Each structure stands twice: as C-alpha cells, then as structure tokens.
Amino acid sequence: MPQVTWPINISQCLSNASQMLRELLIDSHLTQLVDQPTRYRSQQQPSTLDLLITSDENLLANLEYLDPIGKSDHSVLKAELQMCFIWNSKVMVYQKRIVDFGALDNELNKLNWLSLFTGSSVCDNWDIFKQMLNDLIESKSKTITLKKSCKKPWIDNRILKLINRKRCLWRRFRRTSSQADYNVHRVFSNWLSNVIKDARSKYEKTIGENKDPKSFYKYIRCALSGPVRTPQLRDSKGVLIDRHENISDMFAKSFSEAFVSEPPTVSSTVYSPSNSDQIINVVVTETAVYERLKRLKIATSPGPDNISANVLNNCATSLCKPLSFLMNQSLESGVLPLDWRTATVKPIYKSGDKFDPANYRPISLTSLVVKTMEAIIYEKTLDFLQKHKIIPSQQHGFVPGKSVSSNLLCCLSDWSLEVDRGNSVDVAYLDFSKAFDRVPKRRLLFKLQHYGIRGLLLRWIESFLTDRIFKVKVGNCFSLSAPVLSGVPQGSILGPLLFITYVADLSGLLKSPHAFYADDLKIYGISSDHQKIKRDLTITERWCEDWLLPLNTSKCKLLYIGKNNPRHRYFINNVELSTCDEYLDLGVLITSSLSWSEHLNRIIAKANKIIYLVSKTFVKPSVETTAKIYKTYIRPILEFSNNVWTPVLERDKKLLESTQRRVTRMPYGINRPQYLDRLATMNLTSLSVRRTRGDVITTFQALTTANSPIGHLFSLNPDTRTRGHIFKLQKENFKTRSRQHFLSNRVFDPWNSLPDYVVLSNSVLSFKINYDHYCTE
C-alpha cells in the first residue's frame, strides 16, 4: 500500500486494499502514529512500511526512529507505553448526606443576621456566617450508607447476592465433581446472565428518560473518556511516583513555576489615553445576589469553604440578605476572607506525556460565594469598559455577543476576499506562554486605574489578587499551601475580563489586520505588505517585554494562504516562525488553500470515535436515548462553527451525512426503516438542512443586532424596486471557490427567498419558529 499517506486522508483515491485499511482505521477510531519513512533500500524510494496503530494517541509518547539493527533496512521504532492501572474493589460503600432544604430555609429565615454579625471586620462576620450555616445544615440533614458496584451501576444488592449464590454453586461442583451440581450451576449462571442483561437495559432506559440528566451524562462520560484516574508522575530521576501526597506536591511545584516576579515599579507606558470617567464602587443588592444564587448549577463543585451550590440555590431566599451584607462590607473595607482567596486546584490532563506535570492544566475551585460576588462586579465593570470602548473590537473572547464563529468569520472574510482578488495572505499565529498565570499584578492594577477603574473597586480587586494561596488535590490528599505570585485566577469569573483588559492596548499599536480570542492572537495581511506584518511582530515582541507577558515561540506558527505565495520569512525573539500547511484555529482546521475537506476529515474521525464507543457502551439503546446521545455528544462535533465552513464537494457532503446515517441505525437491527423515516422518528433533519438553517439564523442576527461583530460582512441591496423583503442581500461577484462558498455568498438565495413575516421577526427565537414553520409549509 505505498500510495497511503499518513496522517490518513479520507478524500484520497486508493486501491481496494488501501481503501479497506482506511475504512478499518476510521470505523474503529484508530490512529496511526508513524509519519516518517521506516524502510530505506538502495535504488528505491523510502516508504512508511512499519506502522504503530492505537485507539488513544495519548497512550504512547516519545516516539523515536532509531538506526536499523544489523543488516536490516527497517528503522527501529521506540515508544513509551503509558498505561495506569488502579485496582478497585468490586463493591463501593459510600455515604450520602440528605438535607431537608425546606426546614433549613425556614430556620435561616428566623435568624437576625445583623444582630449576629458582631465582628468588626468582614473576616470575623464570615466566620460567624459559615459556622451558623454549617451547624444548621448538620441539624437538618441525615447521612445514609449506600452500596453499589464500582464499574457497573446497574448491579444492586439483589444481583450481588445472586452473584455470590452462583459462586457457591460453583464451589459445590468443585467439591463434588457431580454432573448434577454442574447442571444446576450452568442453569443458574445462564439465568443470571439474562437478569444482569435486563438490569443493564432497564438502567440505561431509566437514565435515558430521567428528567435529571446528571446520571445519564455521567454514564456517557465514563464510556467516552474512561473513569477519572489519579495520575502518576515521573520525578527528576525518571522514577514513577504513585503516592498521592508526593504527586500533589509535585503538581504544586510545577504550577508554581509558571508564576513570575515583577519589579516594584511600573515603568511601561499604556499606549492609549487615560479615561477621565471612572467607576469607583459597586453596590451589591439582595435582588442581585438572589438572582445569581438561583442561577447556580447544582452540580458545581464547592470551594475550600465546602458550601455547596445545592445549599446556596435552595436557600437563596434566606441567604441573599446576609451574603449581600458581607459582600458590601468586603467592598467598603477592601478586605476578603481567606476562604475567598484560597483555591483548591485540580490538575486536568491536556496532551503529551501523561507522566509530566507540565502537561496538566490547573483548574481552580474557588468559593461559590465569592464567585457570586465576582459575577455582580463583572457585569458592572464590563458595562463600563464597553461604554468607553476600552476592549477593542478585535477581541472576541469573553465578550458578550462575540464568539469563536465571529472571530473566524471576520478573518476568513478578509482572507477569502484577498485570495479572490489574486493576492496571497500571510497569517502569523501567536501564543502567549501561560498567559493567565503570568499577568503581573502591579501592571494590571496600573492599567485598570488608567482605564478608569478606581476607588473602592480597584482596592477590592487588588485584595482579590493579593495574598492568594492554592492547594493541589489528588485523590483525598492535599499539597502544602503555595502562594499565587502572579496571574488572574483560572476558573474565576472576573479573571478572564481582567486579562482581556490587560492586553487591550496592544490592539491599538498594530497596523495590520488582527484578531484576538482571549490570549490567542493572529496578525495577518497580504504578502505584499509583509513589512507591515514584520513591524507589528516587532511591536508585539516589544509590548510583551514591557508588560512581562512573553510569547511561546515554539507554538507560534505561520500559515501561507493562496497560490504563488512568496513565503516571506518572519521572526519573533530572533527565532524564525515555523510554517505549517494547516492550523487548528479555535477548533476549525484552516488550510493554505482555504479548503474544508481536511477539516471534515478531522471532525468525522472524531465523531466516529464517539459513535464506536457509544455503540460498545449500550446494549441496545432506545430511539429516544440514541437521539439524546447524538444531539448531545456527536452532532455538536459535526456542527461546531458550521457557519464558518461548509462542505463543497459532493463526496464531502455524502461523507458528512453518512455519519448521521450511521448513528440512526444504532437502535435497529438488520430490518431497519429507511433513513428519512429514521430521522422523522428521532425528530431530526438532514445535516444539509440544518446548515442552511444555521446560515440564515446567523444572517438574521448579523443584520438585526446593533453593533454586530459580523454585520459588515453582509451588503444590503440598495434597489428597493425589486421584489422581496427590506433586508435583501446584494449579489457579490467572485472568482474563486473559497469566496463563492463563504457565508455571505452561499446564504444569498436562501435568505432572499424568505417571506417578510420570517425576516421581520422580533427576536432570534421567533425567527427560528417562523423559519421552521415556513420550511414545513
């Protein structure tokens, strides 16, 4: 199979044998990792003959190509197999606390909190509040002991007793060697197998129809991602460490290395005028606290204070008054209790070597009370920053009304338009190194004051960022407390807003077109303006030095778009940017030809992996369960930012639709209904119909929303004499396929053909209803 290229390409024309290999890998969610020739023979072209195939790319690390052994013409492949097996008992005994929230809420309503808060500081009053709340929770709750199977939740006490009975029958046969005893065991074993199979089917049906989706999604996650295991790490000597105490300390040390120290004085200059208007305080009302508490998700993990979201949500009526008092006292004094400045950090694996702590992301679990306060401060601060246009229009991350799609649509509109004009485009993707952990506090506060955030609010934010500590939790063990020397808290509500405010002035220095998404920055322009791009890269490099936010040069990439691109060289920190033919830009694979076939191959392979795992998880899912799984886990992959991309070739359209076709076959056997009938039964539509629907919804939002980030992409037809609604689009001339199938062009016919009552809808929701009604007429 010499014509097979790696990584495998779905659109490549292959022989029959190679086609079978490709389909096997795709359908079985397998990945081949060898991407270099492994066989070298004189007078022959080197070939990739030795393959390394795995179902999990993260299972193997450090693949090396070594010299052949002896007279062999095959390279030696060496890789580390990273597997972690942890023994668990078959039966888990655990305790569950049941709280009578009605009685707890009544008792909390009887308390006169203002008379109870006898402390002079918010820290003392917080301790009083926490102690009173915990005492009442203890008095209004009971603890019960439950027992269940660790791996198979459908196995209850009854089935466990039957399994023990089966073992007793087997032991009796081993003692007597009697054929009669064997027959008894065999009959009982077959009967028990059917009992377990029925219990599993009943359990899957129950969680699928349950109104509380938590158990259903937990069951699916365990199947798709595997159970969450306590990681093992490799120390400096290469020895694997499996003790939780040592692992948590290693993580804490690794996360602390990301922090930076800054000089005591700020000598850098903010390249934007100072704001004469200011916001100096935020008043927290009981109504605002109540609304925020009712929005809390019950499954949200509590912070170090162990006050759960369940308590705060169910007792919001009685807790909003004391909490608003504590929050206002904190704002007036500029002091935060230690619980509000402490984070429990859980390491989440990203990619790469599983035994390297640097490949884990620290996720902070902070107090839900301070998160509620952050949300209120966030709203007021964001309104102030947007009113005075502090946050640039090029920033699409953590800004209401903007998203990944708006970022990509703005960029792809510029790129496809320049390619259509016969120009080539150079795109520099820049990555800040551990950006959220390295934001220097003094410089951040200096910028906030420059932008108009002053007074009590600025003092509170300073206290929020100062003297923070964190502990890493692994299993049931905690690391030693470690100080947070820099950065904004990851996992907080206010942290992302502080970060995008910190980098806001960089946008005003850049002359080339650019786009931000939080800490992701791309600078681009036509190749003939390469000097301008080089200047902006130099300015960005200097800004990073001044504001102590370095770039990760190894992750910065350069993408050349368009034919006959002169491929100019660009440098960052005196290091030439590495080039790539394709780049995963915010989850969408952008290629140098602006073709979407490679992106389709990627998302289809990812969806097939989940389909395979789901088919192995459920015995025989019902139609309702299959539709629920598909809508939750599979279709979002196939439709992520699909207003940005679209399948152009017929084979790509059929391949994408075949993925949904494959899912709809799961509840049925060989004698299944036709595809369209299966779609109707599951209340689904074809993916092509949904793509058109998504395009017109995006167009409606762009044309009817004030200050829409993508409104400038659409041109209205100024000729009012033609038939149609008042929002008719104007036809655009194009030369290339990439511009022809861009959103503003491919939506031309579907949008202009809509009747007035659909286009003139009052809201997005009413537009969807009217559009669906129009399509079914």
Side-chain angles (χ1 to χ4, degrees), residues 1-85 231-240 349-359 552-560 567 575-584 589 591-592 597-599 601-602 604-606 608-609 612:
M1 306 176 186
Q3 73 273 37
V4 178
T5 58
W6 306 101
I8 200 163
N9 189 343
I10 296 180
S11 59
Q12 183 184 8
C13 295
L14 302 174
S15 63
N16 291 336
S18 301
Q19 177 76 15
M20 291 175 62
L21 173 63
R22 182 175 66 185
E23 292 178 357
L24 170 66
L25 296 181
I26 294 173
D27 294 342
S28 303
H29 73 280
L30 299 173
T31 303
Q32 202 284 122
L33 302 179
V34 178
D35 56 2
Q36 298 180 16
T38 61
R39 183 173 185 261
Y40 298 87
R41 178 170 290 185
S42 60
Q43 299 180 353
Q44 290 186 7
Q45 183 178 356
S47 59
T48 305
L49 191 60
D50 306 276
L51 308 180
L52 194 55
I53 301 174
T54 176
S55 60
D56 183 1
E57 296 180 49
N58 299 318
L59 195 66
L60 295 162
N62 302 327
L63 176 60
E64 298 181 41
Y65 300 84
L66 305 180
D67 294 335
I69 297 177
K71 297 182 179 181
S72 173
D73 54 5
H74 291 260
S75 298
V76 173
L77 300 180
K78 179 183 178 182
E80 291 185 1
L81 180 64
Q82 303 191 105
M83 299 181 67
C84 178
F85 175 79
Q232 296 179 345
L233 299 181
R234 186 188 296 108
D235 62 12
S236 57
K237 298 180 180 179
V239 179
L240 286 181
Y349 173 70
K350 295 185 294 185
S351 61
D353 189 352
K354 292 184 179 180
F355 301 140
D356 185 357
N359 292 326
N552 188 346
T553 310
S554 62
K555 291 186 178 180
C556 296
K557 300 292 182 181
L558 191 64
L559 179 66
Y560 297 113
R567 304 179 74 88
V575 178
E576 184 177 358
L577 291 180
S578 58
T579 63
C580 57
D581 295 326
E582 56 187 30
Y583 187 86
L584 189 61
L589 194 64
T591 64
S592 57
S597 295
E598 289 78 5
H599 176 70
N601 295 344
R602 178 179 173 274
I604 290 172
K606 188 175 180 180
N608 281 336
K609 175 180 179 180
Y612 176 85

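Keep in mind it's a predicted model, so treat the numbers as computed, not measured. We're numbering straight along the sequence, starting at 1.
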N/O donor to acceptor pairs below 3.5 angstrom from side-chain atoms of residues 45-53, sequence neighbours left out:
residue: T48; atom: OG1; partner: Q36; partner atom: O; Å: 3.3
residue: D50; atom: OD1; partner: H74; partner atom: ND1; Å: 3.4
residue: D50; atom: OD2; partner: T38; partner atom: OG1; Å: 2.7
residue: D50; atom: OD2; partner: H74; partner atom: ND1; Å: 3.0

Can you find a heavy atom in the side chain of L77 that is under 4.5 Å from one in the side chain of V34?
yes

Using 0.5 Å steps for rounding, measure from the CG atom of L81 to the CG atom of N62.
12.0 Å

Any side-chain heavy-atom pair from T31 and L25 closer than 4.5 angstrom?
no

So, R602 and E582, do they make that salt bridge, N to O below 4.0 Å?
no

Mind checking what makes ring-ring contact (aromatic ring centres under 6.0 Å, His included) contact with Y349, not counting sequence neighbours?
Y360

State, yes or no, whether a side-chain contact exists between Y40 and S75 at a heavy-atom distance under 4.5 Å.
yes

Are there more than 12 heavy atoms of other residues, nucleotides or ligands under 6.0 Å from atom CG of L66?
yes

Work out which heavy atom in C556 is nearest to a heavy atom in L577; give both atom names and the distance.
CB-CD2, 3.5 Å

Only counting residues at least two apart or in another chain, list the ones meeting side-chain hydrogen bond (donor to acceptor under 3.5 Å, both in side chains) with E576.
R569

Stepwise, does the side chain to side chain donor-acceptor pair (under 3.5 Å) test hold for T579 with K557?
CA-CA 6 Å; T579 63; K557 300 292 182 181; over 6 Å; no

Validation row: Y65, D35 side chains within 4.5 angstrom (heavy atoms)
yes

How about K350: does its NZ atom have over 12 heavy atoms from other parts shown lying under 6.0 Å from it?
yes

Determine the minimum heavy-atom distance between L60 and A79, stating which atoms define it.
CD2-CB, 4.4 Å

Flag side-chain contact, heavy atom, 4.5 Å: T591 against D581
no

